[in-house]
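What follows is a set of notes on a single structure, which appears directly below.
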Amino acid sequence: MINKGRKYCYRITHISNLPLLLQNGIVNKHHPNASKGYVEIGNPEIIDVRSTTPVKLDDYGMIGDYVSFYFTPKSLMLFNIITGYRHPVVQRRSKSEILVIRCLIEELAKLPQWFFTDGQGNDMASSHYNNLADLEQIDWDCIQQSAFSKSDGDYDRPRRYQAEFLI
């Protein structure tokens, strides 16, 4: 069972970003310390939307200002990257190009500003939280079982499966 203790979150990035991350901590391409050589592996359409989508918490800015983590190492985005499912929008990459970073949620929550979502962060149906007591709002069953299919008629499951922790 994935994340059975509900205490981890996972960041996926390109292996070429490792020197930058070791020097500056976990950053995304919008971070001031990210170099022009930062290799983005996600969906550029979603990344662009996030730069103009506000966090649903007062004075938290835009979602794109944050580095996102999933509550599972088997994210839908990772699936798209490895399989080329969304190619050419999401560039297909080999598994050897992907770095998965596992972090303790409790440690990330010590940072000055963070929040998490109960589904894909930029989806209007998702709620945003900044209290760890609200982690119960996450659909842990679908995350822990890697169940993101909507074949049984649960068309909201993929959104919930993509719940995020953002720093």
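Since this is a predicted model, take the numbers as computed values, not measurements.
Side chain of Asn43 to backbone of Val90: no donor-acceptor contact under 3.5 angstrom is found. Side-chain atoms of Gln162 do not come within 3.5 Å of backbone N or O of Ser75 as any donor-acceptor pair. Judged purely by atom type and a 3.5 angstrom limit, Lys56 uses its side chain to pair as donor or acceptor with the backbone of Met124. Counting only distance, with no hydrogens or angles, the side chain of Asn17 and the backbone of Leu21 share no donor-acceptor pair below 3.5 Å. Of the possible polar contacts, one joining the Trp140 side chain to the Leu135 backbone as a donor-acceptor pair under 3.5 Å is found. Of the possible donor and acceptor atoms, none in the side chain of His128 sits under 3.5 Å from a partner among the backbone N and O of Phe116.
More than 12 heavy-atom neighbours from other residues, nucleotides or ligands sit within 6.0 angstrom of CG on Asp152.
A salt bridge links Glu164 with Arg50: the closest approach of a Lys/Arg side-chain nitrogen to an acidic carboxylate oxygen falls below 4.0 angstrom. One finds no salt bridge joining Glu107 and Lys7 here, because no Lys/Arg side-chain nitrogen approaches an Asp/Glu carboxylate oxygen to under 4.0 Å.
Residues meeting the side chain to side chain donor-acceptor pair (under 3.5 Å) test with Asn131, sequence neighbours left out: none. The side chain to side chain donor-acceptor pair (under 3.5 Å) search around Ser127 returns none, not counting sequence neighbours.
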Handout entry: side-chain contact (heavy atoms from CB on, under 4.5 Å) assessment of Ile82 paired with Arg92
Key = CA-CA 6 Å; Ile82 291 173; Arg92 184 176 184 179; over 6 Å; no
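A donor atom on one side chain and an acceptor atom on the other are not found under 3.5 Å apart for Ser149 and Arg157. Looking at Asp65 and Tyr60, their side chains never bring a donor and an acceptor atom within 3.5 Å of each other. Gln113 and Tyr66 share a side-chain donor-acceptor pair at under 3.5 Å.
For Tyr10 and Tyr70, the gap between ring centers reaches or exceeds 6.0 Å.
Using bins of under 30°, 30° to 60° and over 60° for the plane-to-plane angle, the ring pair Phe71/Phe165 lands in the perpendicular bin.
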